Amino acid sequence: MGNVSYSAHISNGKSAITSKSKLLGVAKHNLRKYKSPEYSSDNILLLRGTEDLYQDVKNVYHQEFDEVIKEYNEKQKRADRKIDDYFSKILHDKKTHHQQELIVAVGCKDENTEEIFEMKKNILDEYMKGFQERNPNLKVYNAVMHLDEANPHLHINFVPVYESKRGLSKKIYCLINLHF
């Protein structure tokens, strides 16, 4: 195979996951929750999270932001500035993506002998094992490896967070720096 190449795609623009319905569509695709002769859920490896992506992302929001929201609300003098539920607030904000998805593949689909396919699977597995450590601000709530297509690849869903000095001490952000 020589040099190993990879490709990565981050959800944005028209492929941005900006609503509950889009997130449910992602879950349907990633977990193969539909009938198709071309794809099989038997060849899907759930590496992180559950089959309920919507609840998984909500759980990350509660883990990451409940304490931050409590501190923020205690400082507010006006009731209309308090935040009841950060997840709901971000979900209805069309400018902010409440979560993002990264798709990673190794090599190309034309290089798939059984040995090479297995090697790609192992590379992706190792990549995923170190992903959270390399990207501590990307809170992974779901990761799935697809082995039922011409080239194995990962779908990594995460909530991007950053520390802030204004307003909330921790917030969602959309522009990210990934460490491959």
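If you're wondering where the values come from, they're calculated on a predicted model, not measured in any experiment.
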Approximate separation, where rounding is to 0.5 Å, of [X] [atom1] and [Y] [atom2]:
X: H153; Y: L147; atom1: NE2; atom2: CG; value: 9.0 Å
X: E118; Y: I116; atom1: CD; atom2: CD1; value: 12.0 Å
X: K82; Y: E74; atom1: NZ; atom2: CD; value: 8.5 Å
X: N73; Y: D84; atom1: CG; atom2: CG; value: 7.5 Å
X: F65; Y: K89; atom1: CZ; atom2: NZ; value: 12.0 Å

Please check this pair: side chain of [X] against backbone of [Y], looking for a donor-acceptor N/O pair closer than 3.5 Å.
X: Q99; Y: N157; answer: no
X: E149; Y: P152; answer: no
X: R48; Y: I156; answer: no
X: N135; Y: L138; answer: no

Give the minimum heavy-atom separation between [X] and [Y], together with the two atoms involved.
X: K20; Y: L91; value: N-CD1, 4.0 Å
X: Y141; Y: L53; value: CE1-O, 3.7 Å
X: M128; Y: L47; value: CG-CD1, 3.9 Å

Item to check | Ring geometry between F131 and F158 (parallel below 30°, tilted from 30 to 60°, perpendicular above 60°) | outcome: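 Correct class here is tilted.
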
Item to check | Plane angle bin for H155 and H146 - parallel if under 30°, tilted between 30 and 60°, otherwise perpendicular | outcome: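 It falls in the tilted class, 30° to 60°.
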
Next on the checklist: side chain to side chain contact (heavy atoms under 4.5 Å, CB included), that's the test. Do N43 and M145 meet it? Break it down for me.
Outcome noted: CA-CA 8 Å; N43 292 316; M145 188 182 308; over 6 Å; no

Item to check | Name of the residue among I172, V159, L23 meeting side-chain contact (heavy atoms from CB on, under 4.5 Å) with H98 | outcome: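 Filter result, single survivor: L23.
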
Item to check | Contacts of N151 that satisfy side-chain contact (heavy atoms from CB on, under 4.5 Å) - sequence neighbours left out | outcome: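 If we apply the side-chain contact (heavy atoms from CB on, under 4.5 Å) test to N151, skipping adjacent residues, the hits are A105, K109, N112, K120.
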
Item to check | Residue list, side-chain contact (heavy atoms from CB on, under 4.5 Å) with L46, at least two apart or on another chain | outcome: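 In terms of side-chain contact (heavy atoms from CB on, under 4.5 Å), with neighbours along the sequence ignored, L46 is linked to L31, E51, N142, V144.
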
Next on the checklist: Taking the basic N atoms (NZ, or NE/NH1/NH2) and the acidic carboxylate oxygens, is any pair closer than 4.0 Å for D125 and K121?
Outcome noted: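 No.
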
Checklist entry - Is R134 positioned over the aromatic face of Y127, cation under 6.0 angstrom from the ring centre and no more than 45 degrees off axis? => result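 R134 over Y127 ring: yes.
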
Item to check | Within-4.5 Å side-chain heavy-atom neighbours: I90 and Y61 | outcome: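 They are in contact (side-chain heavy atoms under 4.5 Å apart), so the answer is yes.
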
Next on the checklist: Are the side chains of Q55 and T50 in contact, using a 4.5 Å heavy-atom criterion?
Outcome noted: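 No, their side chains stay 4.5 Å or more apart.
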
For residues 161-171, dump all side-chain donor-acceptor pairs below 3.5 Å to protein atoms at least two apart in sequence or in another chain.
{"residue": "S164", "atom": "OG", "partner": "R166", "partner atom": "N", "Å": "3.2"}
{"residue": "S164", "atom": "OG", "partner": "R166", "partner atom": "O", "Å": "2.9"}
{"residue": "K170", "atom": "NZ", "partner": "E64", "partner atom": "O", "Å": "3.4"}
{"residue": "K170", "atom": "NZ", "partner": "E64", "partner atom": "OE1", "Å": "2.8"}
{"residue": "K171", "atom": "NZ", "partner": "R166", "partner atom": "O", "Å": "3.0"}

Item to check | Residue pair N59 / Q63, side-chain donor-acceptor N/O under 3.5 Å | outcome: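 No.
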
